[in-house]
Number of protein chains: 2
Amino acid sequence: MSRADAIVVGAGISGLTAAWRLARAGKRVKVLEANQRVGGRTLNHRFSSGDVVEVGGQWVGPTQERILALLDELGLETFPLWNQGDNLTLFGGKLKPYRGTIPRFAPHVLLDVLQAQLRLDRLARQIPLDDPGRHPRAAEWDRMSFAEWTRRTLKTAHGRQVMELVSGAVFAAAPHELSFLHVLFYIRSGTDLDTLLGVRNGAQQDRIVGGSQRISEELAARLGDAMQLGQPVRALRQDATGVELVTDSGSHRAERVILAMPPTMLLRIAQEPLLPGWRDQLLQRLPQGSVIKCMALYNSPFWRDRGLSGQVTSERGPVRLTFDNSLPGSSRGVLMGFIEGDEARQWSAVPVDERRAAVLECFARYFGDAALRPLEYVDKCWADEPFARGCYAALFPPGLWSGGAARLREPCGRLHFAGTETATRWMGYFDGAVEAGERAACEVLQRLA
Amino acid sequence: MSRADAIVVGAGISGLTAAWRLARAGKRVKVLEANQRVGGRTLNHRFSSGDVVEVGGQWVGPTQERILALLDELGLETFPLWNQGDNLTLFGGKLKPYRGTIPRFAPHVLLDVLQAQLRLDRLARQIPLDDPGRHPRAAEWDRMSFAEWTRRTLKTAHGRQVMELVSGAVFAAAPHELSFLHVLFYIRSGTDLDTLLGVRNGAQQDRIVGGSQRISEELAARLGDAMQLGQPVRALRQDATGVELVTDSGSHRAERVILAMPPTMLLRIAQEPLLPGWRDQLLQRLPQGSVIKCMALYNSPFWRDRGLSGQVTSERGPVRLTFDNSLPGSSRGVLMGFIEGDEARQWSAVPVDERRAAVLECFARYFGDAALRPLEYVDKCWADEPFARGCYAALFPPGLWSGGAARLREPCGRLHFAGTETATRWMGYFDGAVEAGERAACEVLQRLA
């Protein structure tokens, strides 16, 4: 049995950040990763043209200070997402151009949406980031789904549809899956709604040169022999002096363990002693969002010739949200689209050829028939990923925060919890992953000292 | 490696019914049970006085034809729950007696509650039991939580409180955890609201002589050597000719497998090939309800002397619902109380002495100070049970039924699914467990033939 001061389970950004902080502090650390690769919910894809895109998380933006500092430390550079030209929106059966974040709706719809946005931002500012359940109105807001709030607050059907699209884009889920309190927390966690939704000055502003999986690759390279791939942890035993981790190929022992994975995956490791009942029950209530990220490579970004930015918001699926994911310095064009929530579950069960056809049809609806003939196509159903089982992140349904979900980031004996879902700032994003990894590393350092 | 035609995983009522049907049809069957006992979510407790009570599920009632037939087949007898005298209700700070299912509320509250009940029953009658998602208004009703419907429909705060109590009593969950469509389905599945909530002519009418765990014990006895206890299945591999099941002590092989366990437990068995993404995602969204069942044994059922039935519904927790669980032929008295939902999670983290004190205080509030001095006390937090992780059953949140949850009972390759959560009639009850077990056995028999 091999020994370490600390073992980190999960080599996504959060786990690797934790491991690297521990290693730099002189601790004997080991990282056990279930997959044969690092990166967690980030994953690069190389088209045969050489263009590298991401089929997982890809963006960073302003106010995400922790991930930006980490990029700096790792010597990784960013470049802005293509964001010139007209965006398109398909609503009420019509395709219309617009600039900025919010389409040019009819005045009464615009009023409806802007009032909702202001109200969300105003309420969000009051939410305590360390524990939304402490807000005086937490119980009231946490009993309500985002869908119910939307039905109560927005006066137009069109406005409510916009909120559904926001829910898909930000959470990869439908409004009825989310606690209203969680939506407020998430907005505050990501600064405000404009920042969450925006490209320029927003969470979709910048991309990482070489692809976002490079973050984890760089960290893993620094960890050297500490990194072990293809080691799913099946069982875990805590005793008076440490923790034993059992993988398919052997046992590992450490004084402390950091679990850096989506909440639902924690339930899939047999534990001795059992996780306390309340913790298991809360984790049972934290499902992953569902998304299929789709990309088509073209000879050129032909939509730019028509003055289009490649960004679409649409009432018709399966792809309701697109971006221009082309790379600077490449002559090729890349269209990227998201299939979210229920549609992602449905389309994940469809053969890839059919899915490809449906996605390209969406692209053609927005950008013309040239979109039907890509050089290559790739997509990724995150529900099928064995050790993520969904993306972007876990969803907090009604009742979780007021039921004590903030305690999920507290250690449990010798176990510490990382992963973006345990972050207070930018939960669900790379930045949250870094915060959580650094916090978990700190906890462990204090105990080891 | 040992071989069988079929292996059933889980020796609760559902799994054992399936196994017994297969065995009687001449198939070589094996049952692997994780615990060192059979019974699943039924569990007998013997007080030192010899009185046997149940700390798990305990009731059967009219229209539950499958479980009643099974009891008959097994030679088990029933007796009625004690149901004489006045019930009590604590609402608006006052303790008041009443008879029947619904307390004597103020007229405007009574009107509010009765109108809600009629509406629920009327809508429930329309729900297709095989797939609630097929109802023309399924999408609309499934986007809404039971909490939202309650807020929209009931006009009095008191009436809404009653609905919360109903939600706790029937689901061991808060109204905001449940899809309104699921509540309608559940009511239809259990006939109507009166039947679900009632003692006489209802789901709480009868108990089983010797305790409900006897059902599983009798079935297990008939299965003889086919029964293997203490064998948690950790991994499962399907190939072209069968399924291999891996436990801590070895491997088992069969042509077909029936998984008879709560949905959340399915996620905790490593599978090859992986469960399809849509199935994993839906299972992530099916958490268990949460309940602590508490019982105190007294020298006599002293509350009966004051003409009380032992049945209470209360606005104050932790015990908001009680019954007289004394046994006929015994001079002792047994008070039984339920702690549900969030309160069950909170109180499960409290040392048992403190919990005991809080429960007895509730009993005393309802029945006088004599309740503070029991001969014995026992309770059971079902969230702590390693292979159930909650009771009574799984909760269907908004979006599940319209998202295709009915397909969860379809076989997945050589895997078949039992457990009360896959039933159409009396889902969540013993009767549903039997239906599901018989259906799964039928599926397997057709494939083996």
Side-chain angles (χ1 to χ4, degrees), chain A residues 142-145 147-148 151-152 173-177 179 232 234-235 248 262-265 267-271 274-290 292 341-342 344-349 381-386 389-390 394-395 397-399 402-404 407, chain B residues 142-145 147-148 151-152 173-177 179 232 234-235 248 262-265 267-271 274-290 292 341-342 344-349 381-386 389-390 394-395 397-399 402-404 407:
Chain A
D142 203 29
R143 271 197 296 267
M144 209 189 317
S145 72
E148 179 175 1
R151 281 192 282 272
R152 279 192 196 189
H176 56 249
E177 296 195 77
S179 156
R234 306 296 185 185
D248 296 338
T264 185
M265 301 313 298
L267 296 174
R268 306 176 191 204
I269 298 175
Q271 301 214 14
L274 281 180
L275 283 180
W278 67 267
R279 208 184 260 273
D280 194 290
Q281 278 262 331
L282 294 186
L283 292 171
Q284 288 175 39
R285 285 157 172 77
L286 284 170
Q288 292 291 100
S290 191
I292 307 176
D342 254 335
R345 281 183 285 277
Q346 287 154 18
W347 285 94
S348 77
C381 302
W382 281 89
D384 293 339
E385 189 67 9
R389 284 314 211 168
L395 311 174
S402 55
R407 292 191 55 205
Chain B
D142 203 29
R143 270 197 296 266
M144 209 188 318
S145 72
E148 179 174 1
R151 282 192 282 271
R152 280 193 197 189
H176 57 248
E177 296 196 77
S179 157
R234 305 295 186 187
D248 295 338
T264 185
M265 299 313 297
L267 295 175
R268 306 176 190 204
I269 298 175
Q271 300 213 15
L274 280 180
L275 283 180
W278 66 267
R279 207 184 262 272
D280 194 289
Q281 278 263 330
L282 294 185
L283 292 172
Q284 288 176 40
R285 285 158 172 77
L286 284 169
Q288 292 291 100
S290 190
I292 307 176
D342 253 336
R345 281 183 285 276
Q346 286 153 19
W347 284 94
S348 77
C381 302
W382 281 89
D384 293 340
E385 189 66 10
R389 283 314 209 167
L395 311 174
S402 55
R407 292 192 56 206

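All figures in this text were calculated on a predicted structure; none of them were measured in a lab. Lettering follows sequence order; numbering is per chain, from 1. These values consider heavy atoms only, across backbone and side chains, with no hydrogens, waters or symmetry-generated copies.
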Selection from [options] maximising heavy-atom pairs under 4.5 Å formed with chain B:
options	result
Ala174(A), Pro386(A), Gly341(A)	Pro386(A)
Ala349(A), Gly399(A), Ser290(A)	Ser290(A)
Gln281(A), Arg143(A), Gln288(A)	Gln281(A)
Glu177(A), Glu385(A), Met144(A)	Glu177(A)

Exercise. Is a side-chain donor or acceptor of Arg389(B) paired with a backbone partner of Ala383(B) at a separation under 3.5 angstrom?
Worked result: yes
Exercise. Between the main-chain N or O of Pro398(A) and the side-chain N or O of Asp142(A), is there a donor-acceptor pair closer than 3.5 Å?
Worked result: no
Exercise. Asp384(B) versus chain A, heavy atoms under 4.5 Å apart: side chain, backbone, both or neither?
Worked result: both
Problem set entry | Portion of Arg279(B) that has a non-hydrogen atom of chain A nearer than 4.5 angstrom | neither
Problem set entry | side chain to side chain contact (heavy atoms under 4.5 Å, CB included) partners for Ala235(A), two or more places apart | Val246(A), Ala270(A)
Seminar exercise, completed: If you tally heavy-atom pairs under 4.5 Å between each of Gln346(B), Arg234(B), Arg151(B) and chain A, the highest tally belongs to Arg151(B)
Exercise. Just wondering, do Thr264(B) and Pro287(B) contact through their side chains at under 4.5 Å, heavy atoms?
Worked result: no
Problem set entry | Any side-chain donor near an acceptor of the partner, Gln284(A) and Asp280(A), under 3.5 Å | yes
Exercise. What is the distance from atom CG of Leu395(B) to atom CG of Leu286(B), rounded to the nearest 0.5 Å?
Worked result: 8.5 Å
